[in-house]
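In this chain, numbering begins with 1 at the start of the sequence shown.
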Amino acid sequence: MTTLIAYQHEDFCLIAADSQTTGYDMANDCSPMGKIAVNGPYLVSGAGLLRGINIIQNSFIPPKPPKSNLDKFMVRSFVPALRKCFIESGYDIRTEGMSASHDNDFIVAVNGTLYFIDEAYGIERVSDKLYCTGTGMKLALGAAYALEITECDDYEEAIEILEKAVQTAIKFDVNSGGKIQIALQTKDGKSHIAYLD
């Protein structure tokens, strides 16, 4: 019920999303809050149930990231802090014999580095530079590859490709729509978010 796609460059990262929420056979524009937000030194974005997105954007107080060893920090500090916040918010799911979980996929950026966090609190970084989730993800992913995003060296060109990728998903995925939100984070941690016209 979302299209969320992110691109990792050695100097920056980008996250793009649609602005439609879908439920009870109705679609709404969630652009006043958006699916991507700045939370301290992080860009946080999510697909799935709105409750999890609300919490990670507005209730979660993330720990301060280090300058190095980000992978270990994300596993040892960020995710446990996120889970603790979910538990305190009544959002964490724990069934006997099963792993703890929630109903979202998140793409988080810190220090210009992207992390994918799955519904079982697993963290992943991928070598092919693209992260994608939501009902429109296959469409967006295909469009971004066809437009050769992995060859981009310039963030302006990468923004144009991600915009076209999300537009493709909006055109063909009934659960994606509305405005396109884009966020940029540089390696020094500076973040910028905007809606594209």
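In this pair, F106 and F86 present their aromatic rings tilted. The plane angle is within the 30 to 60° band.
I180 is listed as a side-chain neighbour of Q167, based on a closest heavy-atom distance under 4.5 Å. Side-chain contact between F73 and V110 is absent, with no heavy atoms from C-beta onward closer than 4.5 Å. Side-chain contact between L82 and H102 is absent, with no heavy atoms from C-beta onward closer than 4.5 Å. Counting heavy atoms from C-beta outward, T113 and M74 have side chains that stay 4.5 Å or more apart. Looking at heavy atoms from C-beta onward, T135 lies out of side-chain contact with T22 at the 4.5 angstrom threshold.
Between the side chain of Q185 and the backbone N or O of N111, at least one donor-acceptor pair lies under 3.5 Å. One N or O on the side chain of S19 and one on the backbone of K179 form a donor-acceptor pair closer than 3.5 Å. Remark: side-chain polar atoms of Y131 are not paired, donor with acceptor, to backbone N or O of Y115 under 3.5 angstrom. Between the side chain of S45 and the main chain of I107, a donor-acceptor pair closer than 3.5 Å is present. For the pair Q181 (side chain) and I36 (backbone), a donor-acceptor distance under 3.5 Å is present. Looking only at distances, a side-chain donor or acceptor of N39 sits under 3.5 Å from a matching main-chain atom of I56. The closest donor-acceptor contact from the side chain of N69 to the backbone of K72 lies at 3.5 Å or more, if one exists at all.
Closest heavy-atom contact between D105 and E119: OD1-N, 3.7 Å. What you find for A183 and I193 is that their closest heavy atoms are CB-CG1, 3.7 Å. In this structure, L43 and S191 approach most closely via the heavy-atom pair CG-OG, 3.7 Å. A pairwise comparison of heavy atoms in F60 and P62 identifies O-CD, 3.3 Å as the closest pair. A143 and A165 make their closest contact through CB-CA, 3.8 Å (heavy atoms, listed as atom of the first residue, atom of the second, distance).
Exactly one residue among N175, D29, L50 makes a side chain to side chain contact (heavy atoms under 4.5 Å, CB included) with T21. That residue is L50.
Placement of M137 and F172 in two distinct hydrophobic clusters is found when ILVMFWY residues are connected by side-chain heavy-atom separations under 4.5 Å, directly or transitively. Side-chain heavy atoms closer than 4.5 Å link hydrophobic residues (I, L, V, M, F, W, Y) into clusters, and following such links, possibly through other members, connects L141 to I161. Linking Ile, Leu, Val, Met, Phe, Trp and Tyr residues whenever their side-chain heavy atoms come within less than 4.5 Å places L49 and I55 in a single cluster. In the hydrophobic clustering of ILVMFWY residues, with side-chain heavy atoms under 4.5 Å counting as a link, Y195 and V44 come out apart. Under the 4.5 Å side-chain heavy-atom criterion for grouping Ile, Leu, Val, Met, Phe, Trp and Tyr, F116 is not connected to V79 through any hydrophobic cluster.
The side-chain hydrogen bond (donor to acceptor under 3.5 Å, both in side chains) test applied to D188 returns T186, not counting sequence neighbours.
Surrounding OH of Y155 are at most 12 heavy atoms belonging to other residues, nucleotides or ligands under 6.0 Å away.
Of the inter-residue distances, the one linking E160 atom CD with D154 atom CG reads 8.5 Å to the nearest 0.5 angstrom.
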Check the pair T150 / D128 against side-chain contact (heavy atoms from CB on, under 4.5 Å), numbers first and verdict last. CA-CA 8 Å; T150 57; D128 66 358; 5.6 Å; no
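Close placement of the Y42 and F78 rings is indicated, their centers lying within 6.0 Å of each other.
Counting only N and O atoms by type, the side chains of N104 and Y91 include a donor and acceptor under 3.5 Å apart.
Sorted by first and then second residue, the side-chain hydrogen bond (donor to acceptor under 3.5 Å, both in side chains) pairs with a member in residues 76-90 read R83-D92; sequence neighbours excluded.
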Listing, residues 1-18 side-chain donor-acceptor contacts under 3.5 Å, not counting sequence neighbours, or none:
from: T2; atom 1: OG1; to: K35; atom 2: NZ; distance (Å): 3.1
from: T3; atom 1: OG1; to: S176; atom 2: OG; distance (Å): 2.7
from: Y7; atom 1: OH; to: I149; atom 2: O; distance (Å): 3.4
from: Y7; atom 1: OH; to: C152; atom 2: O; distance (Å): 2.9
from: Q8; atom 1: OE1; to: L114; atom 2: N; distance (Å): 2.7
from: Q8; atom 1: NE2; to: G112; atom 2: O; distance (Å): 2.8
from: H9; atom 1: ND1; to: D11; atom 2: N; distance (Å): 2.9
from: H9; atom 1: NE2; to: D153; atom 2: OD1; distance (Å): 3.0
from: D18; atom 1: OD1; to: T3; atom 2: N; distance (Å): 2.9
from: D18; atom 1: OD1; to: K35; atom 2: NZ; distance (Å): 2.8
from: D18; atom 1: OD2; to: Q20; atom 2: N; distance (Å): 3.3
from: D18; atom 1: OD2; to: K35; atom 2: NZ; distance (Å): 3.3
from: D18; atom 1: OD2; to: G177; atom 2: N; distance (Å): 3.0

